[in-house]
Number of protein chains: 2
Amino acid sequence: MGITKTALFTSEENELAIVLKALGHPARIAIMNYLTKMNECICGDLVNELPLAQPTISQHLKELKNAGLIQGTIEGTSICYCINPDGFEKVKSFFDVLTISIQTKHKSCC
Amino acid sequence: MGITKTALFTSEENELAIVLKALGHPARIAIMNYLTKMNECICGDLVNELPLAQPTISQHLKELKNAGLIQGTIEGTSICYCINPDGFEKVKSFFDVLTISIQTKHKSCC
DNA sequence: CTAATTAATCGTAATATTGCAATATACAAA
DNA sequence: TTTGTATATTGCAATATTACGATTAATTAG
């Protein structure tokens, strides 16, 4: 992108944006959906499941991990990935506040 | 970015990614938070509130509108923006399914 | 009509993202 | 040690995003 001025926003806004940005890609949504369905998986499972090359999947996994949305544990030769519940705390409260606002205040605006 | 292969994913994955990507920027989170607090606003309000130039804010508003997250109505010389509840349907169900999965299945994985 | 106000659009520079081939790393088995 | 398996990293081309100055468009006030 361009010069994203993270310094000009609150850390809450920045942190939330990082998590939502990590989810803002179809491949990463697909990974999260797969993890939701299967509970856990290794990189190779996703390579078989998704129409992307192994390095690309690995990169997407890294971004999801950096955002705190998944966690990986070494298990012999492979790495077992699963959802990290902590990553969704911020997102959950953001949408909770939003939902309440919509339900109460959003009677008839523009 | 690069060559985002939207054609290779389901339309659900793509649509959800569009909405979450739109929310994946601190300025747009700030706009949503401001709208949550104030219920409605015009572009000029945000220009005063956020440390960004008017064309930049206008651009962010356009993206939020394209993603179906806000709506704008012409009101004289200005345009009144407010949250569009419809935009959150997909996101809500995505997180609902995820939350249930975390609560039930995520007992002890990797 | 003219000036003022508000917001969108255009053009463009700076930077970030995506995807993959090639390669590297790490570990287990033979 | 060598081989095979699983995943991460590097490097790079193609493309997308962000930000803003300058301009335009649309509406209202005088």
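A, B, ... follow the sequence lines: proteins, then strands. Residue 1 opens every chain.
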Ranking D/dA8, D/dT18, D/dA22 by distance to the side chain of B/P55, first place goes to D/dA22

Less than 3.5 Å between a donor and an acceptor, one on the side chain of B/Q59 and one on the base of C/dA8, is that the case here? no

Closest to the B/I42 side chain, choosing from C/dA7, D/dG21, D/dA8: C/dA7

Interatomic distance, A/I79 CD1 vs C/dT25 P [rounded to whole Å]: 15 Å

Is there a chain of hydrophobic side chains (I, L, V, M, F, W, Y, each step under 4.5 Å between heavy atoms) that links B/I42 to B/I70? no

Just the rounded figure in Å: distance from P of D/dT23 to CD of B/Q54. 15 Å

Between C/dA22, C/dA7, C/dT18, which one does the side chain of B/C43 approach most closely? C/dA7

Verify the contact: side-chain N or O of A/K21 to OP1 or OP2 of C/dA16, cut-off strictly under 4.0 Å; return yes or no. no

Picking from D/dC20, D/dT18, D/dT7, the nucleotide nearest the side-chain atoms of B/R28 would be D/dT18

Could you tell me the separation between the CD1 atom of B/I31 and the P atom of D/dA19, rounded to a whole number of Å? 10 Å

Main chain of A/Q54, side chain of A/S58: is a donor-acceptor contact present, judged purely on distance under 3.5 Å? no

Once you apply a heavy-atom cut-off of 4.0 Å, does B/I57 come out as touching a base, just sugar-phosphate, or nothing? nothing

If you only use heavy atoms from C-beta on, which nucleotide in C/dT18, D/dT7, C/dA16 is closest to the side chain of A/Y81? D/dT7

Using modelled atom types only, decide if a donor and an acceptor are shared between the side chain of B/S101 and the backbone of B/V97 within a distance under 3.5 Å. no

Value in whole Å for how far the P atom of C/dT18 lies from CG of B/N14: 13 Å

Between atom NZ in B/K65 and atom C1' in C/dT9, what is the gap in whole Å? 13 Å

Using a heavy-atom cut-off of 4.0 Å across all strands, would you classify A/S78 as base, sugar-phosphate, or nothing? sugar-phosphate

Examine D/dT17: is either OP1 or OP2 under 4.0 Å from a nitrogen or oxygen in the side chain of A/H25? Give yes or no. no

A/T104 (side chain) donor-acceptor with A/I100 (main chain) under 3.5 angstrom: yes

Grab the CG-P distance between A/D45 and D/dT5 for me, whole Å please. 16 Å

Using the side-chain heavy atoms of B/E63, tell me which of these nucleotides is nearest: D/dG21, D/dT18, C/dA7. D/dT18

From C-beta outward on A/T56, which listed nucleotide comes closest to its side chain: C/dC20, C/dT17, D/dC20? C/dC20

Under 4.0 Å between a side-chain N/O of A/K62 and OP1 or OP2 of D/dT9, yes or no? yes

Grab the CG-P distance between A/L46 and D/dA6 for me, whole Å please. 14 Å

What is the distance, rounded to the nearest whole Å, between atom NE2 of B/H60 and atom P of C/dA8? 13 Å

For a quick check of understanding: with a heavy-atom distance under 4.0 Å over all strands, which category does B/I74 fall into, base, sugar-phosphate or nothing? nothing

Sub-4.5 Å side-chain heavy-atom contact between A/F88 and A/V19: no

Nearest to the side chain of B/S58, heavy atoms from C-beta on, is which of C/dT9, D/dT7, C/dA28? C/dT9

Pair A/S78, A/E75: side-chain N/O donor-acceptor within cut-off below 3.5 Å: no

